[in-house]
Amino acid sequence: EVTYTTLIDGYMKGGDIEEAFKLKDEMVVRGIHPNVFTYNTLIRGICKVGKAQEANMLLTEMMEMGLRPDCITYTSVIEGHCKEGNMVEAFRLVDEMVKRNIMPSVVTYSVIINWLCKAGDMEQANEVFKKMVERGLVPNIVAYTTLINGHCRQGNTEEAFRLFDEMVKRRIVPDAFTYDSLIHGLCKAGKMQDAKKLFKEMLARHLLPGYFTYSALIYGHCKAEEMDEADKVFKEMLAKRLIPN
RNA sequence: AUAAGAAGU
């Protein structure tokens with residue numbers, strides 16, 4: 001099963017859905033039974049190409065085969081529906097998994113929060129974050145950064161920094177993703193002084209600024225019509241051997 | 001062997 005599943009994952013990652021499903025049929029013919037890993041891999045691949053409804057069918061099929069879906073199975077199907085904008089189905093699946101005694105994880109909630117943020121629905125995103133904590137789950141750096149990024153994109157840097165402070169208080173060490181989100185939020189809001197300050201803080205923490213960081217700063221300086229500053233950042237980026245795209 | 005987060009239009 002491991003060999004086949006690894007191959008299936010490889011084809012799925014390469015976007016060759018057909019070949020992946022052919023392999024699944026082939027393993028069945030050979031009397032090798034697809035297990036939960038196999039189904040999870042198939043579900044993730046089918047969701048990647050926007051066929052969440054087929055993921056539901058695979059979920060049903062695996063249960064008919066006597067397999068018990070796990071948290072990863074549900075999380076993958078849930079993200080498939082989120083991607084298609086079907087939050088109603090995503091929430092229905094959360095209920096369904098809880099009813100089956102499969103507990104949503106921090107990843108499950110983070111996926112939902114991420115897509116609510118993408119849709120600009122910060123109210124719901126905050127609520128889901130709250131619910132996650134109420135359920136006794138401890139938000140990690142990804143969960144925090146996801147929500148922080150959402151607020152930054154909406155221009156609410158205040159709420160973003162409130163979460164940032166809360167996260168630091170809980171001894172979660174922010175990473176480059178966290179800083180990039182905040183720097184971008186500040187740049188978008190035209191708060192270039194604060195953005196520069198945060199950039200220095202990032203360096204002080206020995207985090208490496210990358211394309212995302214520099215792009216955000218250049219974007220901010222251009223937006224603020226500070227072209228010499230933008231050029232300074234651009235030259236600094238080149239000096240760090242980052243090749244502009 | 002399987003799930004989540006960062007830039008421009």
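Remember, it's a predicted structure, so these values are computed and weren't measured experimentally.
Side-chain atoms of A/T145 come within donor-acceptor range of the base of B/G5, with a qualifying N/O pair under 3.5 Å. A/N114 contributes no side-chain N or O that forms a donor-acceptor pair with the base of B/A6 under 3.5 Å. On a pure distance criterion of 3.5 Å, a polar donor-acceptor pair joins the side chain of A/N35 and the base of B/A1.
Atom CD1 in A/I148 sits about 17 Å away from atom C1' in B/A7, given to the nearest Å. When rounded to the nearest whole Å, the span between OH of A/Y11 and C1' of B/A1 equals 16 Å.
The side chain of A/F37 sits closest to B/U2 out of B/A3, B/U2, B/A6. The side chain of A/S215 has B/A7 as its nearest neighbour among B/G5, B/A7, B/A1. Listed nucleotides: B/A6, B/A3, B/G5. Nearest to the side chain of A/C71: B/A3.
Ring-to-base geometry does not place A/F212 in a stacked arrangement with B/A7 (centre distance under 5.5 Å, plane angle under 30° required).
A salt bridge is defined here as a Lys NZ or Arg NE, NH1 or NH2 lying under 4.0 Å from an Asp or Glu carboxylate O, and A/K131 with A/E127 fails to meet this definition.
Residue-level contact check: A/S105 touches the bases, meaning some heavy atom is under 4.0 Å from a base atom.
Taking OG1 of A/T41 as the start and CG of A/L58 as the end, the distance is 11.0 Å to the nearest 0.5 Å. Separating the CD1 atom in A/I72 from the CD1 atom in A/I43 is a distance of 11.0 Å, to the nearest 0.5 Å.
Side-chain polar atoms of A/E79 and A/N114 form no donor-acceptor pair below 3.5 angstrom.
For the OP1/OP2 pair of B/A4 and a distance below 4.0 Å, the side-chain nitrogens and oxygens of A/R44 include at least one atom meeting the criterion.
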